[in-house]
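Working notes, beginning with the structure itself.
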2 protein chains.
Amino acid sequence: MQISKGVEWAVHAASLLNGLPAGRGLKAEALARYHDVPAAYMAKQLQALSKAGITKTSRGAHGGYRLAKPADQISLWDITAAVDGNSPAFRCTEIRQNGPCALKSDDCKRPCQIAAAFASAELAFRDNLASISLADIAGQVVNESEPEHLFAIVNWLNAEAEPLSDKSSL
Amino acid sequence: MQISKGVEWAVHAASLLNGLPAGRGLKAEALARYHDVPAAYMAKQLQALSKAGITKTSRGAHGGYRLAKPADQISLWDITAAVDGNSPAFRCTEIRQNGPCALKSDDCKRPCQIAAAFASAELAFRDNLASISLADIAGQVVNESEPEHLFAIVNWLNAEAEPLSDKSSL
DNA sequence: TATTATTCAGATAATAAATGTCCGAATAAT
DNA sequence: ATTATTCGGACATTTATTATCTGAATAATA
């Protein structure tokens, strides 16, 4: 039961995009360089975010990524689901319908109690992540970081962030 | 983010063991046959349960498995952790310490806010599973099943369950 | 008490999923 | 229209899961 490494990268990348000045963006290579991770694989995660409507992208010269909506409308679950998918972690294979005491499929209209229990636990997990937004994370970072560190980030963003053309696709 | 298939099998197997008459056990092959799953792989999951102290085993002729403690003291989280391990699903690789705006390790005494958020969600997941016991599952099964199905199970158990020697190891 | 049948337990292959990389399609500036 | 730049999906590689097999341990039997 592992959450893919891409989720970690995607959340960090989205948090960084949240710090961008308005109307500017970062290309995948810059986002990867910021955390010193492989650019091609980072790009893969960003694609997933765009597909899910979390980021907007612009292609061609001076292209890049930006958030598609306000940070308080992007939850950690949104990002997790975008990257790792939203299929249940517990996969019920209905083995209650196998073997010498198999249940007839007619008697399986209600879900297996075991599967239902896991579904409830997963719901608790999802709800918890859904209740935390990028804005919440950003607020904590601002509160708990040394001022010089925040200054370094703003500085780096100003140097790397490029004005995006307004004709952003998707 | 997947829970291994072995967890599903282990929970079903443990539920079945819970229905055993006192002093009796089931061998791994019988537990596998009950749900029509590969015996060798089922055995692997049962080993994990024994290692975690959830089941007791007896080896040799007329050997087999039984629950090591009352069903209301065995939670779904106990079984999940025994089979899949209890390491966190979200693995923080501390990428905040990488790149041009890297945090010094001195400034990383407090956990990364993102990692903390996922840890909190996982705690909600675990607590939810920990609050459900095998006894709870058994109660639901009894309440929601057709009487003839319960009768078939009891019948099968009486035919397959063998008296275990008291000298159960581990 | 030695033997044998039976069972569990850890070590060993096969398969699927996650991780990482590459090249073509698309866009915007020149 | 051309060219430089960027994203997007298709392609290898590595790791984890799934499945199997052989040996160690136990208890019944002679």
Side-chain angles (χ1 to χ4, degrees), chain A residues 1-10 13 25-33 36-52 55-66 80 82-85 87 89-91 93 95 160 162-170, chain B residues 1-10 13 25-33 36-52 55-66 68 82-85 87 89-91 93 160-170:
Chain A
M1 184 185 169
Q2 300 283 65
I3 292 171
S4 90
K5 198 184 292 186
V7 171
E8 183 193 11
W9 298 4
L26 283 171
K27 57 184 177 181
E29 183 274 328
L31 281 163
R33 183 157 36 82
D36 192 23
V37 295
Y41 195 40
M42 177 80 254
K44 202 183 174 75
Q45 317 311 327
L46 294 168
Q47 287 169 31
L49 293 184
S50 288
K51 224 170 178 176
T55 53
K56 277 185 188 170
T57 71
S58 297
R59 309 221 285 196
H62 304 294
Y65 291 90
R66 77 181 95 177
T80 303
V83 173
D84 254 22
S87 58
F90 184 91
R91 300 156 288 173
T93 59
I95 58 177
E160 293 284 342
E162 300 211 37
L164 290 180
S165 71
D166 282 345
K167 306 171 189 166
S168 58
S169 66
L170 193 67
Chain B
M1 182 183 172
Q2 299 282 64
I3 292 173
S4 89
K5 198 186 292 187
V7 171
E8 183 193 11
W9 298 5
L26 283 171
K27 58 184 177 180
E29 181 274 328
L31 281 162
R33 184 156 37 82
D36 193 21
V37 295
Y41 195 41
M42 178 81 256
K44 201 183 176 73
Q45 318 309 330
L46 294 168
Q47 287 169 33
L49 293 183
S50 288
K51 224 170 178 176
T55 53
K56 278 185 186 169
T57 71
S58 298
R59 308 222 287 195
H62 302 295
Y65 291 90
R66 76 181 95 178
V83 172
D84 254 21
S87 57
F90 183 90
R91 299 156 288 172
T93 59
E160 292 285 340
E162 300 212 37
L164 290 179
S165 70
D166 281 345
K167 306 169 190 168
S168 58
S169 67
L170 194 69

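Every chain is numbered from 1, with letters handed out A, B, ... down the list of sequences. Since the model is a prediction, treat every value here as computed from it, not as a measurement.
B/E29 has its CD atom 16 Å from the P atom of C/dA9, to the nearest Å. For the pair B/K56 NZ and C/dC8 C1', the computed distance is 17 Å after rounding to whole Å. In this structure, NZ of B/K44 is placed 14 Å from P of D/dC21, rounded to the nearest angstrom. Atoms NZ (A/K51) and C1' (D/dC7) sit 13 Å apart, rounded to a whole Å. With rounding to whole Å, A/Q47 atom CD is found 15 Å from D/dT6 atom P. Note: NE2 (A/H62) to P (C/dT27) measures 17 Å, nearest angstrom. Per the geometry, OH belonging to A/Y41 stands 9 Å off P belonging to C/dA18, to the nearest Å. Rounded to an integer number of Å, the gap from CG of A/L26 to C1' of D/dT6 is 14 Å.
Distances shorter than 4.0 Å separate some side-chain N or O of B/R91 from OP1 or OP2 on C/dT19. Using a 4.0 Å cut-off, some side-chain N or O of A/T57 falls inside it from OP1 or OP2 of D/dG8. Under 4.0 angstrom from either OP1 or OP2 of D/dT18 there lies at least one side-chain N or O belonging to B/S4.
Proximity of a side-chain donor or acceptor of B/D84 to a complementary backbone N or O of B/I3 within less than 3.5 Å is not detected. Judged by distance alone, with hydrogens and angles left aside, the side-chain atoms of A/E8 form a donor-acceptor pair with the main-chain N or O of B/T93 at under 3.5 Å. Although no hydrogens or angles enter the test, the distance criterion places a donor-acceptor pair under 3.5 Å between the side chain of B/T55 and the main chain of B/S50.
For C/dT30, the paired base is D/dA1 (Watson-Crick or G-U wobble, both distances below 3.5 Å).
With contacts defined as side-chain heavy-atom distances shorter than 4.5 Å, the pair A/V83/A/L49 qualifies.
Closest to the side chain of A/K5, out of D/dT20, C/dG20, C/dT21, is C/dG20. Closest to the A/R59 side chain, of the nucleotides D/dT6, C/dC8, C/dA26, is C/dA26.
We find the CD-CE distance between B/E29 and B/M42 to be 12.0 Å, quoted to the nearest 0.5 Å.
Nucleic acid contact for B/A43: none, since no nucleic acid atom lies under 4.0 Å from a heavy atom of the residue.
With the nearest nucleotide of DNA chain C identified for both A/G6 and B/Y65, B/Y65 has the one nearer the 5' end. Each of A/Q2 and A/E162 lies near DNA chain D, and the nucleotide nearest A/E162 is the one positioned closer to the 5' end. With DNA chain D read from its 5' end, the first of the two nearest nucleotides for B/A40 and A/L46 is the one closest to A/L46.
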